[in-house]
Peer 1: 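I'd like to ask some things about the structure below.
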Amino acid sequence: MTARYDRAITVFSPDGHLFQVEYAQEAVKKGSTAVGIRGKNIVVLGVEKKSVAKLQEERTVRKICALDEHVCMAFAGLTADARIVINRARVECQSHRLTVEDPVTVEYITRYIATLKQANAIGRSAKTVREFLEKNYTEEAIATDKEAMKLAIKALLEVVQSGGKNIELAIIGRNQPLKILESKEIETLVAEIEKEKEEEAEKKKQKKTT
Amino acid sequence: MEYLIGIQGPDFVLVAADTIAANSIIQMKHDHDKMFKLSEKILMLCVGEAGDTVQFAEYIQKNVQLYKMRNGYELSPAAAANFTRKNLADYLRSRTPYHVNLLLAGYDEQAGPALYYMDYMSALAKAPFAAHGYGAFLTLSILDRYYKPDLTRDEAVELLKKCLEELKKRFILSLPSFNVRLIDKDGIKDLEKLPLAAA
């Protein structure tokens, strides 16, 4: 039945569905999770890293990319389609600088990308991550840059196969350029989080025994 | 009326441009910067038709930045110079040619310092020293006489001062001030404006 109504984005099905949009949303749900956290002086983007084939160069599967010196983007879904959007956004960033003599605001470029896209991209297990953040995004959780980074990692650890090897993290500090963290730095943070978890568990056990 | 000069050393490039913006016989601005930063280690000096200079230079500037965003690393000076030449050449035989004369100066990690001369006909030449404007007729001979390929930064500044002295002496128009910049492995540095303000 749907075969007649899903060939083009501009075709409605009889019951009002736009199948192409829904298919795109399904594709996005199959993509790996991406999470973003805004701290006081820092913004953190984290993505679940897909394990790559042994013979593949790891650095060619970056899911966080810079659009301009002060804006970066993480995506979930079809990498090939994302490339198109990223390229158009990068050109728009420079075009904006040329005509307006000012770098784009995050809001402007997001709106521009939205006019290109038709689906909201969040990714697999997005619900789990969002629920975690709704519970744990507090003033004190983002008090320092490090805490904001740890919160992003904690959120991803909820849904990602264990280990820092499957997480990619990028940060932009106030007045600082984009920085993509090395796996060593992520491992250090993950180790800290594990330690804190153990200490929490210890405290709980002690409380029980006393 | 406008004057540009570039001097390449063994591990740096020194460039200078006058700072007058004129309209017919009136000086509109005495502190106009004619240098455009294409990237961390590439400067483009641009003179010519009013409007064309800024339009063309900013267009090249944004495209060099776009390359950096797309590829994660910056264009080399040689690549930027050839890109600029191609653009200028394409526009030359269109209905809207750009009438601009350029000097492109940069430092490449592998290839070292580089200075490129480009004119409005889109002729490109890599040179150890170069100049644009009427002043070039007077100062190229000074550069021929005193330039040596292994000159130090201080010697380059002295050579530049010699050129400006010659302009002060023999050029009928007065060019009272110049922006001076140096490019080396550490990037672009502003040097003292010349001629030095009276002590």
Side-chain angles (χ1 to χ4, degrees), chain A residues 45 47 49 56-75 79-106 108-110 112-113 116 168-172 175-182, chain B residues 21 28-29 31-46 48-76 79-81 83-84 86-88 90-91 94 96 98 100 102 104 106 109 185-188:
Chain A
L45 285 181
V47 289
K49 220 164 48 171
Q56 187 176 2
E57 268 275 359
E58 211 190 284
R59 64 171 178 77
T60 59
V61 258
R62 284 256 172 277
K63 296 177 57 100
I64 305 179
C65 44
L67 299 181
D68 200 348
E69 282 165 0
H70 63 299
V71 184
C72 67
M73 181 174 100
F75 63 88
T79 313
D81 286 356
R83 279 203 210 286
I84 306 292
V85 173
I86 293 166
N87 198 38
R88 296 280 296 270
R90 282 175 173 156
V91 173
E92 180 60 23
C93 281
Q94 294 305 317
S95 188
H96 187 276
R97 278 183 188 255
L98 189 58
T99 50
V100 171
E101 286 248 342
D102 232 2
V104 296
T105 59
V106 180
Y108 176 91
I109 199 65
T110 312
Y112 176 81
I113 294 173
L116 292 177
E168 195 181 313
L169 213 78
I171 57 172
I172 295 191
N175 295 327
Q176 272 162 30
L178 167 69
K179 175 164 186 271
I180 301 198
L181 268 66
E182 293 174 39
Chain B
M28 301 298 271
K29 211 166 143 61
D31 54 0
H32 183 224
D33 192 356
K34 303 181 187 182
M35 304 196 195
F36 295 85
K37 184 173 149 183
L38 297 190
S39 75
E40 289 306 311
K41 299 190 184 163
I42 306 181
L43 266 183
M44 185 158 80
L45 287 68
C46 191
E49 184 93 40
D52 281 4
T53 50
V54 177
Q55 287 288 86
F56 184 73
E58 283 190 351
Y59 177 71
I60 299 294
Q61 197 182 45
K62 299 311 179 235
N63 270 287
V64 171
Q65 288 300 310
L66 183 60
Y67 183 95
K68 183 173 97 179
M69 290 288 121
R70 276 187 173 140
N71 299 289
Y73 57 88
E74 295 186 326
L75 271 173
S76 67
F83 171 73
T84 309
K86 179 77 166 69
N87 255 282
L88 199 55
D90 286 343
Y91 275 110
S94 72
T96 57
Y98 286 102
V100 292
L102 321 165
L104 200 138
E109 297 297 314
K185 65 171 173 45
D186 301 322
I188 302 171

Peer 1: Does any heavy atom of chain B fall under 4.5 Å from the side chain of Leu67(A), the backbone, both, or neither of them?
Peer 2: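 It is the backbone, since no side chain atom gets that close.
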Peer 1: Which residues pass the side-chain contact (heavy atoms from CB on, under 4.5 Å) test with Ala57(B), not counting sequence neighbours?
Peer 2: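 Here the qualifying residues are Phe36(B), Met44(B), Cys46(B).
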Peer 1: Please tabulate, one pair per line, the donor and acceptor atoms of chain B and chain A that lie under 3.5 Å from each other, or say none if there are none.
Peer 2:
unit_1   : atom_1 : unit_2   : atom_2 : d
Glu69(A) : OE2    : Lys68(B) : NZ     : 2.8
Asn87(A) : OD1    : Arg70(B) : NE     : 2.6
Asn87(A) : OD1    : Arg70(B) : NH2    : 3.2
Arg90(A) : NE     : Met69(B) : O      : 3.3
Arg90(A) : NH1    : Met69(B) : O      : 3.4
Arg90(A) : NH2    : Met69(B) : O      : 3.3

